[in-house]
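Below you'll find the structure, written out as structure tokens, and then a few comments.
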Amino acid sequence: MALCQQTIEARKYEPTIEELAGFTVYEDIVPAPSARKITMKSSASCRLLICAPGTNQYLVFESLFEADCARFFWAMKCVRSVQAQYGPIRYYDENGVQRWHYVDLRIEFTNGEVVLFCVRPEEKDERGKLAFLVEQIRNRELKYHANRIEILTERDVTKADIYRACEILAARRLKNSPDCVRLLELLKTKDAPIRGFELLDEFGCQGAGSIALWNLMGDGVVEHLTSKESLIYTPISYVRARSLS
């Protein structure tokens with residue numbers, strides 16, 4: 001009886017650090033709604049399975065760039081949902097033959113707008129086949145599926161955009177609202193832009209301050225000042241509180 005009691009005690013559930021900190025922890029993940037199944041093997045590109053932030057649903061992507069574009073949208077506060085492999089959508093090829101296409105990403109924004117995105121590096125559509133397909137859908141079938149349909153290339157979603165999105169998503173999981181409030185109030189006292197590391201030195205904690213700073217940039221209330229969009233944020237970059245008036 002004593003041994004049985006010890007076994008029961010040993011099997012008692014111990015909360016994880018994440019749960020003790022107040023985060024929701026999902027033990028099982030399930031596939032997100034998808035119009036088609038993707039084979040997990042390919043000789044041309046990799047396949048990625050990623051859990052959507054804040055949910056226990058995973059999405060399957062056909063390439064790394066496609067997954068990075070999803071991260072780019074997940075980091076936006078104005079995005080309500082991201083769906084992969086949406087379709088099928090009817091179109092007609094150059095010979096007038098009816099065919100069906102699955103769009104890589106379906107993005108629903110908080111204002112109700114729905115946009116379909118075909119994700120493709122520019123060098124993989126040199127002959128313009130994807131552009132032709134998108135134009136066919138835009139002219140014939142779009143009204144049944146979304147408000148707009150666009151092509152996303154590395155010109156639209158750059159490496160800097162992807163880096164920024166990944167940092168924002170990572171910081172969002174560890175967000176501490178009082179830290180964000182305190183850092184923003186400190187930044188508002190500055191009459192001129194300040195380097196990131198100097199701001200965090202005044203804040204008093206590099207780790208917590210960095211998490212708060214990325215959350216504030218993700219929320220759009222702090223601005224990273226840069227002369228080129230291709231430049232990423234570093235500790236020596238200048239930041240300032242964004243004027244929302």
Side-chain angles (χ1 to χ4, degrees), residues 31-40 42 44-55 57-94 98-170 172 218 220 229-230 232:
S34 177
R36 65 166 174 167
K37 301 297 181 183
I38 298 177
T39 59
M40 296 306 291
S42 171
S45 63
C46 61
R47 301 289 193 255
L48 291 94
L49 185 151
I50 301 177
C51 194
T55 76
Q57 294 184 333
Y58 67 84
L59 287 74
V60 181
F61 301 98
E62 292 184 283
S63 69
L64 177 60
F65 183 56
E66 190 176 304
D68 284 337
C69 287
R71 293 188 182 99
F72 171 72
F73 288 112
W74 276 327
M76 293 183 179
K77 297 290 287 186
C78 61
V79 168
R80 179 178 296 155
S81 68
V82 175
Q83 180 180 346
Q85 318 310 326
Y86 174 81
I89 302 177
R90 181 177 57 181
Y91 77 99
Y92 295 88
D93 64 17
E94 58 273 12
Q98 177 177 291
R99 298 188 182 279
W100 302 89
H101 181 72
Y102 290 86
V103 176
D104 298 311
L105 296 175
R106 177 187 183 273
I107 310 299
E108 183 178 346
F109 294 89
T110 53
N111 64 1
E113 184 182 28
V114 176
V115 184
L116 304 179
F117 290 100
C118 297
V119 180
R120 191 77 57 84
E122 281 191 336
E123 72 273 7
K124 292 191 176 182
D125 190 38
E126 293 179 351
R127 299 183 179 181
K129 289 186 177 181
L130 182 61
F132 174 81
L133 182 154
V134 167
E135 193 63 26
Q136 288 292 310
I137 293 175
R138 185 179 289 128
N139 293 337
R140 294 173 179 264
E141 299 292 319
L142 182 61
K143 62 182 178 181
Y144 303 112
H145 300 274
N147 301 103
R148 293 188 290 121
I149 182 170
E150 308 291 346
I151 297 176
L152 278 186
T153 71
E154 65 275 15
R155 289 179 179 268
D156 305 297
V157 181
T158 65
K159 291 183 179 179
D161 292 326
I162 296 166
Y163 169 80
R164 184 175 187 274
C166 289
E167 290 292 339
I168 289 172
L169 290 173
R172 194 174 288 168
E229 292 296 328
S230 59
I232 64 174

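Values reported hereafter were calculated over all heavy atoms of this structure, with side chains retained and with hydrogens, waters and symmetry mates removed.
- Under the 4.5 Å side-chain criterion, counting only non-hydrogen atoms from C-beta, Ile162 is not in contact with Arg71.
- Listed by first then second residue, pairs satisfying salt bridge (Lys or Arg N to Asp or Glu O under 4.0 Å) with a partner in residues 148-165 read Glu113-Arg148, Glu122-Arg155, Arg138-Glu150, Arg148-Glu150, not counting sequence neighbours.
- Taking NE2 of His145 as the reference point, atom CD1 of Ile89 lies at 4.5 Å (rounded to 0.5 Å).
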Worked check of side chain to side chain contact (heavy atoms under 4.5 Å, CB included) between Ile107 and Val79 | CA-CA 7 Å; Ile107 310 299; Val79 168; 3.9 Å; yes
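- Two residues are said to be in side-chain contact when any heavy atoms from C-beta on lie closer than 4.5 Å; Val157 and Cys69 meet this criterion.
- Proximity of a side-chain donor or acceptor of Asn147 to a complementary backbone N or O of Val114 within less than 3.5 Å is detected.
- For the ring-ring contact (aromatic ring centres under 6.0 Å, His included) criterion with Phe117, the lone passing option out of Tyr86, Phe72, Phe73, Phe65 is Phe73.
- Between Phe61 and Leu105 the shortest side-chain heavy-atom distance falls below 4.5 Å.
- Here the closest non-hydrogen pair linking Leu48 and Ala67 is CD2-CB, 4.3 Å.
- Here the OG1-CG distance, from Thr158 to Asp68, works out to 10.5 Å after rounding to the nearest 0.5 Å.
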Candidate pair Gln136 and Tyr92, rule side chain to side chain contact (heavy atoms under 4.5 Å, CB included), full reasoning | CA-CA 7 Å; Gln136 288 292 310; Tyr92 295 88; 4.3 Å; yes
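- Counting heavy atoms from C-beta on, the side chains of Glu62 and Asp104 come closer than 4.5 Å.
- With Ile149 as the partner, the side-chain contact (heavy atoms from CB on, under 4.5 Å) test is satisfied by one option alone out of Val115, Leu133, Val134: Val134.
- Here the side chain of Thr110 pairs a donor or acceptor atom with the backbone of Cys78 at under 3.5 angstrom.
- Every residue two or more places apart in sequence or in another chain was checked for a side-chain hydrogen bond (donor to acceptor under 3.5 Å, both in side chains) with Arg120, and none qualifies.
- Counting heavy atoms from C-beta on, the side chains of Arg90 and Tyr144 never come closer than 4.5 Å.
- In this structure, CG on Leu130 lies 6.0 Å from NE2 on His101, to the nearest 0.5 angstrom.
- No side-chain heavy atom of Lys129 sits less than 4.5 Å from a side-chain heavy atom of Phe132.
- Shortest non-hydrogen contact noted between Pro53 and Leu169 is CG-CD2, 4.1 Å.
- To the nearest 0.5 Å, atoms OH (Tyr58) and CD1 (Ile50) are separated by 13.0 Å.
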